[in-house]
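Below is one structure, written out as structure tokens; comments come after it.
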Number of protein chains: 2
Amino acid sequence: MKSEKKQGRPRAFDAKAVIGQAREVFWDRGFSAASLDNLSAATKLNRPSLYGAFGDKEDLYLDTLEGYREDSLVILSAALNPALPLRENLARIYAEALKIYLHGETAARGCFLISTATAEAIQHDRVREVLRRSLNEFDDAIKERMELSVEQGELPADTDAATLAKLASAVMHSLAVRARAGDTRETLEAIARSGVDFVCGRR
Amino acid sequence: MKSEKKQGRPRAFDAKAVIGQAREVFWDRGFSAASLDNLSAATKLNRPSLYGAFGDKEDLYLDTLEGYREDSLVILSAALNPALPLRENLARIYAEALKIYLHGETAARGCFLISTATAEAIQHDRVREVLRRSLNEFDDAIKERMELSVEQGELPADTDAATLAKLASAVMHSLAVRARAGDTRETLEAIARSGVDFVCGRR
DNA sequence: GAATATTTGTACCATTTCGCATAAAATTTA
DNA sequence: TAAATTTTATGCGAAATGGTACAAATATTC
């Protein structure tokens, strides 16, 4: 059952790349304010091609959210390398997050999920669902690393890893919001440093 | 120089009330997805009246943001009553926040500022400015209460009140996002409890 | 009561919006 | 090379959008 070449005219674009370009548009403008013309221009695909490949605007937006979730989880997992101290893991998570949040043409864009999906979460159940699932997955990844720390005595034996992980995430959520609000890199890095201290204990 | 009654046909509406009704619309739909028809229906004002009294859609939205900022600051200040222990202050802040965040017709609406202003913050500088200013004011209010705690020995003398206040706010930011994402009240209350412990120290 | 000032309601306009119909183009299979 | 299949490009269209012109309505001031 090997995959033969699909018959018919071949696509002149790479779906993953297009989703990435669409993400940039949504990231800057939000879902509702992003028009199909904006998306068409950024992806260099005309509307019928976008429709044929991805469905309507909401479908395409959901694809960009899923892509961001996956990318983020890869970065998070790498930062959580258990060979490193938990303190270092957290510092890396926040550093990687800030690298993403502080990037942007006109202003720092913050977290794609938090900055754009929250706005739509009430009216679009599927968006709220992706948002909820993503936040939970991030929490879980951190929780598992913390459970390891508890086993290894790096964290106190009575630590509630699940709750502590949610607090570690909370710092990241705050960085996301503050970055989009225009806080300086210095301010955000200071919050990240103290966040590490408070989650892992001051040394 | 006393204020005489303004001449001309009097307004048949209360501006504050209208801004409150408009806020509900923006809260559920976000700025971009809220149409003037939605706003007109919710406020029972036709478009020319809205325009005459508040300016264009962005002006009206900024009014709703300012109103929310003011309301929130009042609630925050009340919760920060210095006659109570800091621990109790924080618990009240989170409880008041959750009261607001978990309210909603179809789904919990989260924080009006974080859920709707972040999406527009890149394209609309004035929105980003209100968002930034609001977050800073909340931080400052908490910081001042914490400085008092340091003076009174409730917090260690070497406490960095400004940073600790930002961490306390971070927990609130996370509650805001998670509420809008659909987390349960129980989950959020657990985060709030552990947030108090981590900021004030476990007892 | 007349003049003035402001608000309100109706209707409208130009633009933008999303989405699709249709046909041309490009590729595989027969 | 012809048929079949899928993608691309042009262009259309119905609906919704933000915003406004204009006149009627309602108050104050003179």
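Below, chain A is the first sequence line, B the second, and so on; all start at residue 1. The model shown is predicted, which means the values in this text are computed figures rather than measured ones.
Atom CG of A:Leu45 and atom C1' of C:dG19 are 16 Å apart (whole Å). Between B:Leu39 atom CG and D:dA16 atom C1' the separation is 14 Å, expressed in whole Å. The CG-C1' distance, from A:Leu50 to D:dA9, rounds to 13 Å in whole Å. The nearest whole Å value for the distance from the CZ atom in A:Arg11 to the P atom in C:dT28 is 16 Å. Between the C1' atom of C:dG9 and the NZ atom of B:Lys44 lies a distance of 16 Å, rounded to the nearest Å.
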Could you run through nucleotides 11-17 of chain C and give me one letter per nucleotide, 5' to 3': B if any protein heavy atom sits under 4.0 Å from the base, S if only the sugar-phosphate is that close, - if neither? -B----S

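Taking 4.0 Å as the cut-off between side-chain N and carboxylate O, B:Arg126 and B:Glu129 do not count as a salt-bridged pair. Taking a cutoff of 4.0 Å between a charged side-chain nitrogen and a carboxylate oxygen, A:Asp140 and A:Arg133 do not qualify as a salt bridge.
Each side-chain hydrogen bond (donor to acceptor under 3.5 Å, both in side chains) pair with one or both residues in residues 71-84 of chain B, not counting sequence neighbours, appears once here: B:Arg23-B:Asp71. Every pair passing ring-ring contact (aromatic ring centres under 6.0 Å, His included) that includes a residue from residues 118-141 of chain A is listed here, sequence neighbours excluded: A:Phe31-A:His124.
Taking a 4.0 Å limit (strictly below) on heavy-atom distances, residues 18-29 of chain B does not reach DNA chain D anywhere.
If you check the side chains of B:Ser49 and B:Asn46, you find a donor sitting under 3.5 Å from an acceptor. Neither side chain, B:Ser194 nor B:Asp197, offers a donor N or O lying under 3.5 Å from an acceptor on the other. A:Asn38 and A:Ser35 are linked by a side-chain donor-acceptor pair at a separation below 3.5 angstrom, with hydrogens and angles left out of the test.
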Between the protein and nucleotides 2-5 of chain C, list the N/O to N/O atom pairs that are separated by less than 3.5 angstrom.
residue, atom, partner, partner atom, Å
C:dA5, O4', B:Gln7, NE2, 2.7

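Checked against the 6.0 Å centroid threshold, A:Phe26 and A:Tyr61 count as a close aromatic pair.
Listed pair B:Ser49 / C:dT8 meets the phosphate criterion, a side-chain N or O lying under 4.0 Å from OP1 or OP2. Regarding contacts with the backbone of D:dT20, a side-chain N or O of B:Tyr51 is found under 4.0 angstrom from either OP1 or OP2.
Heavy atoms of A:Ala53 sit nowhere under 4.0 angstrom from any nucleic acid atom.
Between the SG atom in A:Cys111 and the CZ atom in A:Arg180 there is a gap of 9.5 Å [rounded to 0.5 Å]. In this structure, the separation between CG on B:Leu50 and NZ on B:Lys57 is 12.0 Å, given to the nearest 0.5 Å.
The nucleotide whose nearest atom lies closest to any side-chain atom of B:Asn46 is, among D:dT7, C:dT10, C:dC18, C:dT10.
Listed by chain and residue number, B:Glu189 satisfy the salt bridge (Lys or Arg N to Asp or Glu O under 4.0 Å) test with B:Arg185 (two or more places apart in sequence, or in another chain).
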